[in-house]
Every structure is written in C-alpha cells, then in structure tokens.
There are 2 protein chains.
Amino acid sequence: MQEPTEVVGRNGAQARVLAGVRSAIIEGRHAPGEPLSELALAAEYDVSRTPVREALKQLQIEGLVEVRARVGTFVRSPSRREVVELFELKEMLEGMAARLLAARGPVPVLDEIEDNLERSGRAVAQGDTEDYARLVHGFHELLVVGADNSQLESHYRTLMNQLAYHRLVSASLTRPGRLGASLAEHRNVLELIQEKDGFGAEFAMRDHVRSSERATLAADDPLAGGTPLRKEV
Amino acid sequence: MQEPTEVVGRNGAQARVLAGVRSAIIEGRHAPGEPLSELALAAEYDVSRTPVREALKQLQIEGLVEVRARVGTFVRSPSRREVVELFELKEMLEGMAARLLAARGPVPVLDEIEDNLERSGRAVAQGDTEDYARLVHGFHELLVVGADNSQLESHYRTLMNQLAYHRLVSASLTRPGRLGASLAEHRNVLELIQEKDGFGAEFAMRDHVRSSERATLAADDPLAGGTPLRKEV
DNA sequence: CGGTAGGTTCTTGCATGCAAGAGAAGCTAC
DNA sequence: GTAGCTTCTCTTGCATGCAAGAACCTACCG
C-alpha cells in the first residue's frame, strides 16, 4: 500500500518496522505462535536491533506479540476467553460511538455512512461477500471516527488489531442470511442516529455487535475446538 | 511504597524505571510539561539509557509522556477536551463493569464492596474526606476487578493513569454535599448488582460517573481557566 | 534402547559510542 | 539598541558489543 522509499519524518526506522510487522501480523503473514527474531527482523528491514526492539515493545503493549525474556518473541493470538472479553468491550465502545454521533447532529460523516449503506445494499444484492465485508469495516470505522472522540478511537483501534477483526468477520459473513440481517441492523442504527435518538442508537448498535459476535464465534467454533483463532485462509 | 532493593524477575531495570517514573508522574512529583532527560533518569536509577528509553516509550503509548524527536521528552497532561473524552470512556467502562458484575451472581467481591461501603459510611459520618477518597477509589477498583474481564481492566487502568484520577477526585469531594450523594449512589449501584439487575446497575453506575464528573470538572474549572489540570496540592 | 549430563547456539537484556537535528545563547553588523 | 547570523550544547535516534540465560542437540552411560 505504501511506497517503501517513502521517507517518514522523525523516527523513520522504528515507525517503518512497526507498521510493517504490525500489518504482517494482522494480515496473517506471520502465523500465531511464530517466533519473531529481532536479528532476523533487523536484517529484513535493514536496520539495527534497536528500532526493531522498540517496535516489538509497542506491539507487546498492543497485545500482538509476546516477549519472553531471553527466550524469544512470538506472535500472540488471543485466547478464546480474551476474544469474548474483547467483544464485550467492542460492544460498549461501538454503542458509545453511535450515541456520540447521534448527539453531534447533522455532520458530513452521516452522508458518508449513507453512501456506505447504499453501496452495501448493492453488494448484498449481488451477493458479493468480499466487497460487503470491506463495506462493513468501513461502516464501523465511519461510526467510530464520526463519534469525534480521539480516546475512543485509539482504544478501539487497539482492540480491533487484537481481534484481527476483518478476518473474523469475513468468516461470519459466509453464513446464510447473515448479510441481509447485518445490513438491516446497520440501516436501523443510522436511522436512529439521524433521528438524534442517542440511547436508541447505542442499544441498536450494541444489539448489532452482539449479533455479529454470535455469528462470528459460531463460524469459528466448529472448525477449531480449542484456542486457535485466525486460521489460515 | 516499595522496597527499592526488591529484585524484579526478568527485565529488572526497565520495569523498575517504568514503575518509578510512572508513579512519579501520576503522583505529581513530575509536573506537567517538565522535561524528562533520558540521561538524567538513567543516572537517577543507575542504569543505562536503554532501559530508560524503553520505559519512556511505554509511558508514551500510555499517554503519560510526549517524546519529541531530537528535542526532548516531556510530562504530558491531557487537554481539557481529552479529559472530557476520557470521562466519557470511563462512564462506559464502569457501567460495563457494573453490568458484568451483576451477571456474575454472588461472588466474594460483593462482600468486599459491602464492607467498603460500610467503612465509607463511617468516613462520611466523621467527615473524613481523605479517607473517603481512598474508599471511593477502592469501590471503583473492586467493581472493575470484580467484573472479571482482564481486557476491560487493562484499558481502564490506562485511562485512570491518564486522568490522574485520584487527585481530581480529592478535589471534587471538597464540594459540600458531594460526599453524601456519592455514597448514596454507590449504595444504589451495589443494590442493583445484588438484585442481578445488570442494565439497572449499568445505568446507575453511568449516572454516578456523570455526577462525579460534573463535580470534578466544576471543582477544577474555577481555579484554572485554560488547560492545566493536575494542579499542585 | 532409554535416560541423563554436558556443551553449544540461539535468544533477549543492557551498556555504550556516534550522528543528526533542534534550540538557545552569544556575537556581529547595522 | 536591535535584528540576524553563527556556533555551541543538549537532546533523542540508531548501531554495535557484551553478558546472562534458556532450549536444543549430542554424546555417553546404564
């Protein structure tokens, strides 16, 4: 997505490594449990161990890797329990976003959401699951950004990175009937926001997140009995 | 609070620096805006710059310090807007905690909360504001821990560190009548939890957080017209 | 053939040296 | 006296070297 020759302003090396490794983990190019040697990453990004260490430290705080002292650094995947906990948080944060957005009144982002839902309708009509998954991601993103609360946005992004959410969602959307139901829920949320019904929007959103969670966990469950999420596609 | 000679298991140096600097910032021993030289901290903790850098990096992610490349590292204090945003998040997270705790049914932590409220009652009767402030902190802590959601707990702690919350609360409790009202709200929340009324508990808690927030911001407002929170005591 | 002890190699944790840049202080010219 | 420029110092960013420890592999013994 980005030109590798792009010059990052201040701390170039560390930021470059951070972005690279993070996206590699989220997109599944590094499998859960896989060891990430500082030395190997340093060679890969053509920098010394120092910026690699700092990038890995940040990823550790974000919950994406686990550093065991004098043993190694490993790609971390949340346990089943953590996934449930993260979904519970996600429900609250997105509900909050819907409520805050409703309270803001008419703002341009509402038009973007409306446009998103129109395109989502076309994707559902054509049965284009992949395109719809992208649009779903966009819908939630617009909602959170539109809430205009940078702290919420920050915590939310950390959460979503841990969940590797888009991969989970893609799986859940393959379930028959889920597409249409999902779209109807989205439309309901937007309607309540436009009516400035903050609490209505919050709870509609929370219900939607719970439904989506159930579909996601159900889609994931039969395949893997134990802990492994983020299976290979 | 801790013996400085205590040996930390794995990465001793960094953990020691991290804990020391973080508590120093939260407790106000480092004023907002104050520069934190890596070299000076290294000398103070008798380590090299490396573990200091890693500790500061973590504090940067937590929002407690700001690192400007090739300029310096400074103690960060949230802007007024950020404080409002953080309170909005706090409201959701604590409401969530109350709901989750109610759903757990009778667990030992409920007895601890009951004990906390009894002692709070005595503190209010005696007008011991300082003791009550500690008990308030304990109440909220018990609630969040009792919710048994480690992700919630983690995000909540980050939040509270950024707010330097206990200092703000102490200020708000000096307002006449706030002590009694606060205690009554706490009792109401516990009652609803004991009745397993999850949503009732959630909203009682959210109301309580909003009241507390209003009292806090009101107590802080007249003193500082602009941005500075965390005034010296 | 199995188990144990030793060594070897890999890992991260920490210390240190160098370089680039920002900012302040002082000097010079007007 | 003041504005502008130069220089100097202090900061963090990055590279590298060393050390401690963990895990694995191997050889040896029962």
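Lettering of chains follows the sequences in order, A, B, ..., and the numbering in each one begins at 1.
Between B:L39 atom CG and D:dT9 atom P there is a gap of 16 Å when expressed in whole angstrom units. Taking atom CG on B:L18 and atom C1' on C:dC14, their separation rounds to 16 Å, with Å as the unit. Distance, B:R70 CZ to D:dC14 C1': 9 Å, rounded to whole Å. Rounded to whole Å, the distance from CD on A:E38 to C1' on C:dC10 is 12 Å. Spacing between atom OH of A:Y45 and atom P of D:dC14 amounts to 15 Å, rounded to whole angstrom units. Residue A:F74 contributes atom CZ, which lies 10 Å from atom P of C:dT11 at whole-angstrom precision. Taking atom CZ of residue A:R68 and atom P of nucleotide D:dA23, one finds them 7 Å apart after rounding to whole Å.
Both B:L36 and A:D46 lie close to DNA chain D; mapped to their nearest nucleotides by heavy-atom distance, the more 5′-ward contact belongs to B:L36. Projected onto DNA chain D by closest heavy-atom contact, A:V71 and A:T50 fall at different nucleotides, the more 5' of which corresponds to A:T50.
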Checking salt bridge (Lys or Arg N to Asp or Glu O under 4.0 Å) for the pair B:E91/B:R206: CA distance, chi angles, key distance, verdict? CA-CA 5 Å; B:E91 174 190 335; B:R206 282 167 68 166; 3.4 Å; yes
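Within 4.0 Å of A:Q14, counting heavy atoms only, lie sugar-phosphate atoms of the nucleic acid but no base atom. Among the protein residues, B:L56 comes within range of no part of the nucleic acid, since none of its heavy atoms lies under 4.0 Å from any strand.
Aromatic ring orientation, B:H186 versus B:H140: perpendicular (interplanar angle above 60°, classes split at 30° and 60°). Aromatic ring orientation, B:H208 versus B:F139: perpendicular (interplanar angle above 60°, classes split at 30° and 60°).
Applying the 6.0 Å contact sphere to CG of A:D46 captures no more than 12 heavy atoms from other residues, nucleotides or ligands.
Using a 4.0 Å cut-off between charged nitrogen and carboxylate oxygen, A:E141 and A:R157 count as a salt-bridge pair.
With hydrogens and angles left out, the side chain of B:R49 and the base of D:dG13 share a donor-acceptor pair within 3.5 Å.
The side chain of B:S48 contributes no N or O atom lying less than 4.0 Å from OP1 or OP2 of C:dC14. Proximity of B:R53 to the phosphate of D:dG13: a side-chain N or O atom is located under 4.0 Å from OP1 or OP2. Dashed line: the shortest gap from a side-chain N or O of A:T73 to OP1 or OP2 of C:dT11 is not under 4.0 Å.
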